[in-house]
Amino acid sequence: MATSSTAPCPHGVAPNGCPISADAAAFRPFDGPYQLDPAEALRRAREREPVFYAPDIGYWVVTRYEDVKAVFRDNNLFSPAIALEKMTPPTAEAQAILRKYNYNLQRTMVNEDEPQHMERRRLLLDDFLPERLARHEPMVRRLCRDYMDRFIDRGHADLVNDIFYEIPLTVALHFLGVPDEGAERLRQFAVAHTLNTWGRPPPEEQIEIAENVGRFWQTANEILDDMIANPDGEGWMYETVRQHFKHPDIVPESYMRSMMMAILAAAHETTSNATANAFWTLLTHRDAWEEICENPALIPSAVEECLRVAGSIIAWRRIATDDAELGGVKIPKGGKLLIVQASANRDAAHWENPDQVDIYRDNAVEHLTFGYGAHQCMGKNIGRMEMRVFLEEFTRRLPHMRLVPGQTFENLRNISFRGPARLLVEWDPAQNPERHDPSILDRAMSFPIGAPVRDDTLRRVVVQEVRDEATGVRSYRLADPRGKALPKWTPGSHVDLVAGGFRRKYSLCGDAQDSSTYQIAILREEDGRGGSRHFHDTLEAGATVHIAGPRNHFRLDEGAESYVLVAGGIGITPILAMADRLRTLGRPYRLHYCGATRAAMALLERVMRDHGDRLRLHVSDEGTRLDMAAELTGVGAGTQVYACGPERMLEALQDLARGWPEGTLHYEYFSAGASGLDPSREHGFEVVLADSDMTIQVAPDETVFEALRRAGVDLQTDCGEGLCGTCEARVLEGEIDHRDRVLSRAERDRGDRMMTCCSRARGRRLVLAL
Ligand code: HEM
Ligand code: FES
């Protein structure tokens with residue numbers, strides 16, 4: 001919208017010609033609300049003005065998840081060239097000081113454009129691959145234990161200064177192959193570098209900052225000169241030097257000099273801050289802290305949730321290389337963007353209950369704290385590993401530790417890096433568990449390197465009631481052991497029940513309004529794989545089990561004109577929850593419930609009581625088997641059909657659905673067909689990742705998902721057998737060999753998405769939007 005003479009712009013005009021709003025004019029990232037809580041400060045912007053021009057800094061501020069991700073995704077249109085540019089131009093005096101030190105920070109990795117960036121990244125990526133990182137874990141654990149030993153009997157500590165600053169520094173130096181320069185000196189340098197790049201230091205402070213930045217540059221160069229003279233050492237920077245000798249065009253000297261300085265800060269400040277933020281978050285959400293003390297398997301997902309709600313990089317920068325449009329706003333060529341990950345990470349359009357700290361959140365890994373796409377943080381799995389070790393050691397050795405009340409979160413005043421200057425905690429040493437049971441020191445738990453695996457996110461529940469519902473079917477009512485409310489769920493949701501080494505999915509079929517319990521019904525499958533038999537035989541009232549979820553891959557579209565619900569056997573469970581919801585909404589629906597005998601039909605009494613007037617029972621031994629073609633005639637535009645039941649029933653429905661408008665039939669299988677890969681029948685192929693600019697090979701005996709994880713790409717799976725849709729990826733090129741039960745025939749024919757846990761390439765190549 002251009003301005004006109006009749007519409008005065010009291011707050012000025014943005015570079016695209018649009019008036020600047022009062023909120024945008026008032027946005028001051030160096031003080032006030034943004035420094036206190038960046039996501040909260042941008043809440044209104046997310047809702048009303050998601051991309052706006054902030055005259056205070058001369059940047060376009062991007063606040064929504066989809067827009068922030070879109071900027072990260074397109075690193076050609078939105079170049080990272082300004083990622084390390086000084087937010088505040090240095091004074092003449094500061095410039096003179098920097099010149100004295102020959103300071104000349106140029107392109108590193110994070111601010112390099114294509115094609116140079118990706119060539120360099122590929123050449124230097126190997127040390128960061130998950131299998132290479134595992135060897136660093138013992139050192140992190142040993143350091144953590146040694147540092148804890150220094151204060152564990154003292155009863156209080158400042159976690160930032162007593163442990164979280166130094167260990168990530170030591171680990172970073174070790175990883176890079178850099179000799180220890182003394183923590184205090186490097187700390188001064190890092191603070192100066194942060195303020196110099198992302199801060200707004202007043203002129204009188206700039207002099208000292210410039211001196212420290214200059215010394216930092218000098219020190220980094222001296223270290224590098226030693227490495228160049230003796231390039232055989234171990235560590236990533238030595239590897240960089242060796243690659244420089246082999247490929248000086250791809251790894252030029254100016255890169256090495258700039259990187260040596262930039263990485264010293266990037267590799268440890270980020271992790272120190274993220275760890276302090278995570279402890280701050282968990283100790284102020286005591287329930288979550290106590291849950292991981294009781295169940296340390298939750299630690300990887302808790303780390304991810306902390307990175308979401310309290311990341312250590314809250315905003316990053318890009319510059320538009322051409323005229324662009326973002327969230328409906330025109331950004332002129334040369335426009336500078338402040339993309340606020342902290343805001344994206346709390347966007348209600350992407351996250352359920354975005355402001356709640358939920359360590360069971362199953363998509364927390366989608367946070368943007370590590371960036372996304374071609375430049376996504378190479379060191380993310382080092383950061384994750386350190387944070388997990390810290391949490392694991394502390395929750396085991398100091399579960400009774402508390403935050404000292406009344407302290408405030410003091411952050412270094414800047415726009416990107418966030419973490420408290422100190423974190424004061426206290427505890428009663430007499431209650432240290434190791435004083436009574438020294439064996440807890442031997443009970444360390446470690447986790448696979450990389451994004452959390454699904455088994456980590458398990459919630460402990462107790463079986464409150466068990467009821468026989470029909471021949472071979474029992475229902476179980478599950479509750480939180482402390483009587484807390486369970487998360488809300490929607491019809492079609494399921495939980496994974498985990499007990500006795502078995503993990504099986506069961507739809508929720510109780511009252512969705514009652515958050516005190518979940519209800520599931522389990523059919524005993526004599527010829528199954530043993531899970532249902534185990535649950536029937538061992539689960540009694542009072543037993544403790546674990547669940548994952550709830551998750552919903554079978555959502556009810558509440559906007560249709562009318563509904564036909566079809567349940568076969570135990571498939572009644574999700575369908576009953578849908579029927580309940582439609583009744584509550586007052587929508588027209590018909591419910592077909594099919595079974596072999598009445599005695600074998602679970603929940604029949606309740607179905608008849610609550611849905612009798614809409615119900616058609618089809619009982620085989622009464623001769624009322626469902627005649628699909630006859631009963632489902634007239635399904636047309638405006639009607640939605642939801643079905644759950646045995647394979648034969650769903651196949652028949654799919655045949656019938658050919659004559660219906662696209663998107664009418666929705667169904668859920670209980671189990672996949674044949675699974676498992678036979679390498680003698682499969683072929684290998686390559687997968688090109690367009691957003692990350694990587695190519696990976698998928699071997700005949702591995703899934704696309706496994707190959708992606710091996711390459712360090714964070715993607716989630718759930719069922720792992722093509723049933724749930726969690727592992728979906730967009731396909732840009734290549735013919736897909738679909739093997740899932742999620743996509744409809746029409747969706748398969750479009751060929752633009754696939755389930756990476758099971759589907760493969762028909763040819764030799766697929767291009768994915770990842
Ligand atoms: C890039 C965050 C730990 C090395 C980045 C970026 C962010 C980030 C936001 C820019 C991403 C983008 O432009 O898309 C973090 C956080 C960390 C962390 C939150 C800890 C919790 C580390 C560690 C290392 C590291 C431990 C190294 C040992 C790098 C490198 C890049 C990078 C080399 C440049 C990648 C590229 O441009 O291709 N990091 N980082 N980071 N990070 Fe990290
Ligand atoms: Fe469920 Fe792939 S993880 S479809």
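Quick caveat, the model's predicted, so the values are computed rather than measured. In each ligand, atom 1 is the first atom listed, and ligand 1 is the first ligand listed. In this chain, residues are counted from 1 in sequence order.
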>> Tell me the nearest of A274, G311, G371, C377 to atom 5 (C) of ligand 1, using heavy-atom distances.
In response: C377
> Among R384, M378, K380, which one has a heavy atom closest to atom 33 (C) of ligand 1?
Replying inline: M378
> Mind checking whether W198 and H193 have parallel, tilted or perpendicular rings, split at 30° and 60°?
Replying inline: perpendicular
>> Can a side-chain donor-acceptor contact be found between Y59 and R317 if the only test is distance below 3.5 angstrom?
In response: yes
> Is a side-chain donor-acceptor pair under 3.5 Å present for H375 with E112?
Replying inline: no
Contact check: [X] vs ligand 1, nitrogen or oxygen atoms, below 3.5 angstrom:
{"X": "H117", "value": "yes"}
{"X": "R318", "value": "yes"}
{"X": "W236", "value": "no"}

How close does the nearest protein non-hydrogen atom get to [atom], and which residue and atom is it?
{"atom": "atom 4 (C) of ligand 1", "answer": "G379 N, 3.7 Å"}
{"atom": "atom 12 (C) of ligand 1", "answer": "H375 O, 3.3 Å"}
{"atom": "atom 26 (C) of ligand 1", "answer": "A267 O, 3.3 Å"}
{"atom": "atom 9 (C) of ligand 1", "answer": "T369 O, 3.4 Å"}

When you measure from the side chain of [X] to the backbone of [Y], do you find a donor-acceptor pair of N or O atoms at a distance under 3.5 Å?
{"X": "S416", "Y": "A315", "value": "yes"}
{"X": "H244", "Y": "V251", "value": "yes"}
{"X": "S343", "Y": "T63", "value": "yes"}

Measure from NZ or CZ of [X] to the centre of the six-membered ring of [Y] and say whether it is under 6.0 Å with the direction within 45° of the ring axis.
{"X": "R142", "Y": "Y147", "answer": "no"}
{"X": "R760", "Y": "F685", "answer": "no"}
{"X": "R120", "Y": "Y255", "answer": "yes"}
{"X": "K380", "Y": "F370", "answer": "no"}
{"X": "R346", "Y": "W351", "answer": "no"}

>> I'd like to know if A266 contacts ligand 1, where contact means a heavy-atom distance under 4.0 Å to any ligand atom.
In response: yes
> Within less than 4.0 angstrom of ligand 1, does S312 place any heavy atom?
Replying inline: yes
Select one of side chain, backbone, both or neither to describe which atoms of [X] lie under 4.0 Å from any atom of ligand 1, heavy atoms only.
{"X": "M109", "value": "both"}
{"X": "Y372", "value": "backbone"}
{"X": "M259", "value": "side chain"}
{"X": "T270", "value": "both"}
{"X": "Q341", "value": "side chain"}

>> How long is the straight-line distance from CZ of R418 back to CD of Q35, given to the nearest 0.5 Å?
In response: 7.5 Å
>> Rounded to the nearest 0.5 Å, what separates atom CG in L768 from atom CG in L689?
In response: 6.0 Å
Element-labelled atoms of ligand 1 that are located less than 4.0 Å from some non-hydrogen atom of [X]:
{"X": "I313", "answer": "2 (C), 9 (C), 19 (C)"}
{"X": "R121", "answer": "35 (C), 36 (C), 38 (O)"}
{"X": "F128", "answer": "27 (C), 28 (C)"}
{"X": "W316", "answer": "10 (C), 13 (O)"}

>> Any N/O/S atom from C757 (main chain or side chain) under 2.8 Å of atom 2 (Fe) of ligand 2?
In response: yes
